[in-house]
Amino acid sequence: MSLSRPLSDTIIELLKPVASELGERLGASAVNERYAEIEPSAASSALNQQIKKDPRWIKAQVKYLQRQQIREQELIAIASIEEEWVKEERANRVKAQELRDKRAISRLCRELMREFQSEAIRVKLSQIQTIWDKDNWFSNLSRQETEQILQQQQHRLLLLVAPAKISQDCPDSFRHNLNIELPAKLRSFLNQHYPQHGESCPVQFYGDYFKKAISDIDVERLQTVLSPVPTAILYSDISDYEVNFHLGFWGIINQSVSLVAMQPWNWEEVYQQLEAEGKDEKVSLRIIRQIIVTIHKLLAAFLADLYYLNIDFTHEPQLFKLEAEFTQEWFSKDWAQPYIETLKEIQEQQRIVYKGEMRRLALREAKARAERKRLEDRELKHREETEEASKRAKELAHQLKNLKWRCVYTLPGHSSFVNSLAISPDSKILASGSWDKTIKIWNLEKGELIGTLTGHSDRVNSVAISYDGKMLVSGSSDETIKFWNLYNGDLLCTFPGHSMEVNSVAINPKGQIIASCGGADNTIKLWNLRTGELLRTLRGHSNNVNAVVFSPDGKILASGSSDATSKVWEVESGKLLRTLSGVNVGVNSVAIAPDGQILASVSNDYTIKLRNLHTGSLLRIFNSHSARGKGVANLGMNEGLHILQNYVSRGDSVAISRDGLTLASGCDDNTINLWNLHTGELLSTLKGHSGTVYSVAIARSGNLLASGSADETIKIWRCD
């Protein structure tokens, strides 16, 4: 039997607005939460966003996406199978895998929520005593049960039903039985369909938490204690002719209290219909109580499904499966339809949003895969290039080690130490500066003296040839810098350099600039090569500056000083870029490799240090005693420190070949050592001088080397 259509429609009209209102309040906010990942808003749940950013959640989503893509491919393959039973069996297996994956996602979601809520729960537990003391209403509740609710380790929806507030004018049947039937039947219903320890939508139910009927204000009071726990509360009041259903709700998505009241239901009209149909009073009142209980079941099921649909895109509402539960005598299935339709609408919205999220996730994952592939390819290419470079380096090292240098000319002519050498860019001319106050010009290929330049009144400390090969610049202890025509030996101009001797001069390869250093003023001066105009003075050293050199691109100038430092300067601005220290003795000679990356500095402690010009980091240590004939093992990561024990003089006691492979150094044992610049291996030792080798220079062609010595000679060495 069923109620008459008018009375049944009345109940539908009673229930429908609640479904719509709850769906709008709680369901739409969940969809907005998902969109908030793209456009975060002030209303966005911090907890929900925290979960979405958690690496465990992201990893699980990526894994789910990957498995889902595999399942889609399997289903396509299954569709081509002819045997129906095989097709059905395999399709069911794929669906079972999908269900397991969804349940795993749901479980992780609840675990993360509980984990992230733990701090808020801890705070509430510490505040309970204060809250209990502040409001006498809480004395009606069990504090022990309240603490147990907060301490539950499982994330779940808490559902409370309060005793109905029943008027004294109501029939005794209501007052004696309803508050017994309502919690008992609701508990049985929830345990069957929404069990607390279930996998998909656990509900923790309390039917006796409240000792008496409650009102809206009591719901708001309770939220001050249980706010970290998503909670739904059902409560009602019954007069002598109508029932008022109420519910309160707060949760993860919407943490503020939502209070919803149904339109009053006139139970007296149903009673009168049943009486007219011949039902006695006892049966009629029992049917009405049954309808009241079933409406509570419907609301409880809807709230549980709505909550889990909000937080979990995989949730399949249980209410869809409960048609038999609600299709019973006096209760039409049409009554549940508004709630089912609302859930389906929200579910569809969730699926649309979820598909968008999965598309974005798939795109991010594709980009991540592409980036990983790019990095792997780059790493592979780097390894291959490193292996190839190592192979080439070994081949070059072998070639370099097997090169035979021989002295082809010994050039006498100077009457004192040969202190400085410079070779022209075409490798045909050699200029030598000596303590005998002269500069001599030599034909490098024939070993013949071309001419002698006189004019300095003290020893010549440094000579440099311009990069067009037309001009020679010299610096002397007579405190002057002189400019010479390299081809005819004419003195072009003389200008004062420093307050004492000029220790070193260098010509910028990319501009018309000369650098000079020395004297007691501790400075470096930059000059216009054509006019002799002083451009700027670089200050920073605290003792004599002994050597200067330009980088191949002309932008950097390096200097070495008796203050035990090398300094790196920006040529255009004169700005000091960095100071390189690490020794307690003066730096007397500097050289820069052709690639502009390595700075070699020669110090009074008989060492040559190789540094990264741009970072200042110390690169290598050579040790000539242990290295002779053996080479030196790197000390780690190909950035080992190598110290080269070596005699040091001012100016040009070290030179680097144009190919950047070989470093030549003059020594106090009358020899020239040749080193593999990149491995630290001693390649060969050239013997022949009878005095300290003060200066070395390597021709651009790479197969000629000149050395100047205290024995007053220059030797020309050729590599076959």
Side-chain angles (χ1 to χ4, degrees), residues 419-425 431 433 437 439 441 453 455-541 543-562 566-577 588-592 650-652:
N419 199 40
S420 180
L421 297 172
I423 297 176
S424 63
K437 308 176 188 179
I439 302 165
I441 309 300
L453 309 182
H456 281 296
S457 59
D458 206 338
R459 61 191 182 189
V460 178
N461 295 320
S462 181
V463 290
I465 297 176
S466 63
Y467 281 76
D468 60 7
K470 296 179 180 179
M471 186 177 294
L472 174 72
V473 178
S474 59
S476 169
S477 293
D478 65 7
E479 304 178 10
T480 68
I481 298 170
K482 292 185 181 293
F483 294 76
W484 312 81
N485 184 310
L486 184 61
Y487 290 109
N488 58 28
D490 289 345
L491 178 61
L492 302 177
C493 64
T494 300
F495 53 91
H498 294 266
S499 57
M500 288 184 66
E501 59 187 2
V502 178
N503 288 332
S504 180
V505 292
I507 301 176
N508 191 312
K510 299 297 182 180
Q512 305 299 315
I513 299 175
I514 294 175
S516 65
C517 65
D521 57 12
N522 309 335
T523 65
I524 301 163
K525 295 182 184 294
L526 300 182
W527 312 85
N528 185 298
L529 177 62
R530 298 301 180 191
T531 66
E533 175 190 1
L534 178 63
L535 300 176
R536 63 180 60 87
T537 299
L538 310 182
R539 292 181 172 86
H541 284 294
N543 207 331
N544 288 358
V545 185
N546 299 320
V548 288
V549 63
F550 284 102
S551 63
D553 62 7
K555 296 180 180 179
I556 300 296
L557 178 75
S559 59
S561 168
S562 296
S566 297
K567 292 185 183 292
V568 180
W569 312 81
E570 184 180 70
V571 173
E572 184 175 356
S573 66
K575 177 183 177 182
L576 177 62
L577 298 178
N588 288 332
S589 182
V590 288
I592 295 177
R650 291 179 181 175
D652 305 317

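Scored by the side-chain hydrogen bond (donor to acceptor under 3.5 Å, both in side chains) test, Glu572 finds no partners at all (sequence neighbours excluded). Considering only residues two or more places apart in sequence or on other chains, Arg539 meets the salt bridge (charged side-chain N to carboxylate O under 4.0 Å, His left out) condition with none of them. Shown here are the side-chain hydrogen bond (donor to acceptor under 3.5 Å, both in side chains) partners of Ser466, two or more places apart in sequence or in another chain: Asp468. Partners of Asp553 by side-chain hydrogen bond (donor to acceptor under 3.5 Å, both in side chains), not counting sequence neighbours, listed by chain and number: Ser551.
Listed here is the closest heavy atom pair of Ile592 and Ala558: CD1-CB, 4.2 Å. Residues Ala506 and Phe550 share a closest heavy-atom pair of O-CE1, 3.4 Å. Taking all atoms of both residues into account, the shortest heavy-atom contact from Leu534 to Leu526 is CD1-O, 3.5 Å. Annotation for Arg530 and Gln512: closest pair NE-OE1, 3.1 Å, computed over non-hydrogen atoms. For the pair Ser559 and Val548, the tightest heavy-atom approach, listed with the atom from each and the gap, is CB-CG1, 4.1 Å. Smallest separation of non-hydrogen atoms from Tyr467 and Ile507: CE1-O, 3.3 Å.
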Pairs under 3.5 angstrom only: tabulate donor-acceptor contacts from the side chains of residues 515-524 to other protein residues two or more places apart or in another chain.
unit_1 : atom_1 : unit_2 : atom_2 : d
Ser516 : OG     : His498 : NE2    : 2.9
Ser516 : OG     : Trp527 : NE1    : 2.8
Asp521 : OD1    : Thr523 : N      : 3.3
Asp521 : OD1    : Thr523 : OG1    : 3.2
Asp521 : OD2    : His498 : ND1    : 3.1
Asp521 : OD2    : Thr523 : OG1    : 3.2
Asn522 : OD1    : Asn544 : N      : 3.4

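For the side chain to side chain contact (heavy atoms under 4.5 Å, CB included) criterion with Val460, the lone passing option out of Ile439, Leu453, Asp478 is Ile439. If you run side chain to side chain donor-acceptor pair (under 3.5 Å) between Ser477 and each of Asp458, Asn461, Asn419, only Asn461 comes through. Just one residue in the list Ile513, Leu535, Ile556 forms a side chain to side chain contact (heavy atoms under 4.5 Å, CB included) with Val571, and that residue is Ile513.
Not a single donor-acceptor pair under 3.5 Å links the side chain of Asn546 to the backbone N or O of Asn503.
Looking at Leu529 and Asn508, their side chains never come closer than 4.5 Å, going by heavy atoms from C-beta outward. Side-chain atoms of Val463 and Ser474, non-hydrogen and from C-beta on, do get closer than 4.5 Å to each other.
Residue pairs meeting the ring-ring contact (aromatic ring centres under 6.0 Å, His included) criterion with at least one partner in residues 469-491, sequence neighbours excluded, are Phe483-Phe495.
Rounded to the nearest 0.5 Å, atoms CZ (Arg459) and OG (Ser420) are 13.0 Å apart. To the nearest 0.5 Å, atoms CG (Asn485) and NZ (Lys470) are separated by 9.5 Å. Interatomic distance, CG of Leu538 versus NZ of Lys525, reported as 9.5 Å (0.5 Å rounding). If you take CH2 on Trp569 and CG on Leu576, they are separated by 5.0 Å, rounding to the nearest 0.5 Å. Lys482 contributes atom NZ, which lies 8.0 Å from atom OG of Ser476 (distance to the nearest 0.5 angstrom). Between the NE2 atom of His456 and the CG atom of Leu491 there is a distance of 8.0 Å, given to the nearest 0.5 Å.
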